[in-house]
Peer 1: 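Quick one: the structure is below, and I'll ask about it shortly.
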Amino acid sequence: REGEKVNTHIVTLTRFLTEEQVKHKEATGDFTLLCHALQFSFKSIAYYIRRATLVNLMGLAGSSNSTGDDQKKLDVISNDLFIEAMRSSGKCALLVSEEEEEVIYFPEAKGARYAVACDPIDGSSNLDAGVSVGTIFAIHKLAEDSKGVKEDILKPGTELVASGFTMYGASAQLVITMKGGSVNGFTLDQGIGEFILTHPNMRIPRKRAIYSVNEGNSLYWEDNVKNYFESLKKADEPGQKPYSSRYIGSMVADAYRTLLYGGIFAYPADKKSPKGKLRILYECAPMAMVFENAGGQAVDSKMNRMLEVVPEHIHDKAGIFMGSYDEVEKVKAHHKVSAIGK
Ligand code: P6P
């Protein structure tokens with residue numbers, strides 16, 4: 001249109017990954033090729049989600065996954081798609097998926113140096129309602145002398161080489177971060193099929209009066225968790241306003257909003273789910289890495305740094321509080337006070 005400023009400084013995800021690779025002289029290109037396989041998965045899943053209602057991909061596929069959830073057709077398609085993309089990349093030695101009870105090994109991937117954990121369609125119970133769902137991924141590098149065994153992925157999040165998620169909403173939004181790096185957001189341009197850098201160097205606001213938790217579980221919360229959330233709703237300090245509540249029930253959507261606006265997201269361990277509900281390998285740890293690299297924090301229900309939590313089993317869960325730096329400090333302070341009070 002007349003006078004519309006055309007943005008000519010376009011950075012695609014492909015260019016971004018290549019530029020990252022050339023920064024590391026020792027890079028073999030394997031990580032880049034693995035990320036291209038991830039990129040292909042996100043573009044394909046985005047395509048199926050967009051058409052799901054049209055081609056009746058909604059509804060149950062009649063099977064159930066490792067957590068016993070009824071698998072929706074899109075769950076199954078997305079999971080199969082992700083597995084084949086990792087296999088055909090030839091750079092992934094083993095894969096953990098929320099949809100698969102056991103580890104998937106790719107022995108044919110000779111010399112593969114990476115292990116991937118993923119939740120292909122997190123929040124899928126919201127799919128029929130048109131709520132944003134997403135793919136969460138975490139990339140581990142195999143131990144030097146390893147041929148690719150389960151132990152290579154049962155590591156703390158501090159050892160992750162990269163992590164992130166793609167939220168399938170009004171458009172597909174990819175958020176990715178690498179070890180010690182910044183957090184970068186890309187938006188899928190459906191027209192040309194490219195992820196475009198739209199949110200360079202994302203930084204979470206230091207604080208924000210928004211809390212995001214399923215209050216329907218409050219009956220099961222420990223007292224210190226109850227008292228913490230009650231304290232957010234008070235206005236007994238001069239100038240203090242009660243926090244706003246925002247909860248979508250799709251971790252990727254709640255995480256993306258928290259990353260952009262600030263605040264605190266929590267899925268605490270409680271009497272109903274003593275180990276929490278969210279999975280360490282493909283929900284808590286990858287999200288914790290994104291939030292820490294964006295200047296925020298993430299802790300488990302014992303206030304341990306989430307990235308230092310080591311899962312014993314591939315589907316292990318943890319309670320989680322993650323968000324703005326100052327908001328997580330508030331959670332810690334509150335838990336310390338109540339611990340002293342005990
Ligand atoms: P609840 C979706 O099923 C999920 O795994 C996450 O995406 C989400 O944050 C959480 O569970 C929602 O759980 O118990 O509040 O419905």
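Both ligands and their constituent atoms are indexed starting at 1 by order of listing. Quick note: residue numbers are just sequence positions, from 1. Bear in mind that the values here come from a model prediction, so they are computed numbers and not experimental data. Computation of the quantities below employed the complete heavy-atom set of this structure, encompassing side-chain atoms and omitting hydrogens, waters and symmetry-equivalent molecules.
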Peer 1: Any atoms of ligand 1 less than 4.0 Å from a non-hydrogen atom of Gly249? List them with their elements.
Peer 2: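 Once the distances to Gly249 are compared, the set is 2 (C), 8 (C), 12 (C).
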Peer 1: Could you tell me whether Met251 and ligand 1 have an N or O pair separated by under 3.5 Å?
Peer 2: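 It does: an N or O of Met251 is found under 3.5 Å from an N or O of ligand 1.
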Peer 1: Would you call the rings of Tyr211 and Phe229 parallel, tilted or perpendicular if under 30° counts as parallel and over 60° as perpendicular?
Peer 2: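 Ring orientation, 0 to 90° scale: tilted.
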Peer 1: Hey, which atoms in ligand 1 end up nearer than 4.0 Å to a heavy atom of Tyr247?
Peer 2: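 Near Tyr247, the atoms of ligand 1 are 1 (P), 12 (C), 13 (O), 15 (O).
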Peer 1: Is it the case that the side chains of Glu144 and Ser146 hold a donor-acceptor pair, with the cut-off being a distance below 3.5 Å and no angle test?
Peer 2: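 There is no such pair between these side chains.
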Peer 1: Tell me whether Glu292 is salt-bridged to Arg305, with the criterion being a basic N under 4.0 Å from an acidic carboxylate O.
Peer 2: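 Yes, this pair counts.
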Peer 1: For atom 10 (C) of ligand 1, which candidate among Glu283, Met287, Lys277 provides the closest heavy atom?
Peer 2: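 When every heavy atom of Glu283, Met287, Lys277 is considered, Lys277 comes closest to atom 10 (C) of ligand 1.
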Peer 1: Taking 4.0 angstrom as the limit and counting only heavy atoms of Gly123, give me the atoms of ligand 1 inside it, by number and element.
Peer 2: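 Numbered from 1, ligand 1 contributes 2 (C), 7 (O).
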Peer 1: Based purely on interatomic distance, does Ser250 place a nitrogen or oxygen under 3.5 Å from a nitrogen or oxygen of ligand 1?
Peer 2: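 No; the residue has no nitrogen or oxygen that sits under 3.5 Å from a nitrogen or oxygen of the ligand.
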Peer 1: Are Arg279 and ligand 1 in contact, using a heavy-atom cut-off of under 4.0 Å?
Peer 2: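 No.
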Peer 1: Quick one: does Asp254 get a heavy atom under 4.0 Å from ligand 1?
Peer 2: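 Judged by the 4.0 Å heavy-atom criterion, Asp254 does not count as contacting ligand 1.
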Peer 1: Can you find an N/O atom of Asn214 closer than 3.5 Å to an N/O atom of ligand 1?
Peer 2: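 For ligand 1, there is an N or O atom that lies under 3.5 Å from one belonging to Asn214.
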Peer 1: Please answer: with hydrophobic residues joined when any side-chain heavy atoms are less than 4.5 Å apart, are Val225 and Leu278 in the same cluster?
Peer 2: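 Not linked; separate clusters.
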Peer 1: Taking only heavy atoms of Asp122, which atoms of ligand 1 are found under 4.0 Å from at least one of them?
Peer 2: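 Matching atoms, with element in brackets: 5 (O), 6 (C), 7 (O).
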Peer 1: Return the orientation label for the Phe42 and Phe82 ring planes: parallel under 30°, perpendicular over 60°, tilted otherwise.
Peer 2: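 The arrangement is tilted - the two ring planes meet at 30° to 60°.
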Peer 1: Looking only at side-chain N and O atoms, does Asn184 offer a donor or acceptor that is under 3.5 Å from a partner on Ser182?
Peer 2: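 A donor-acceptor contact under 3.5 Å links the two side chains.
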Peer 1: After noting the C-alpha distance and the side-chain angles of Tyr243 and Glu327, does the key distance pass the side-chain hydrogen bond (donor to acceptor under 3.5 Å, both in side chains) rule?
Peer 2: CA-CA 11 Å; Tyr243 277 45; Glu327 301 302 337; 2.7 Å; yes
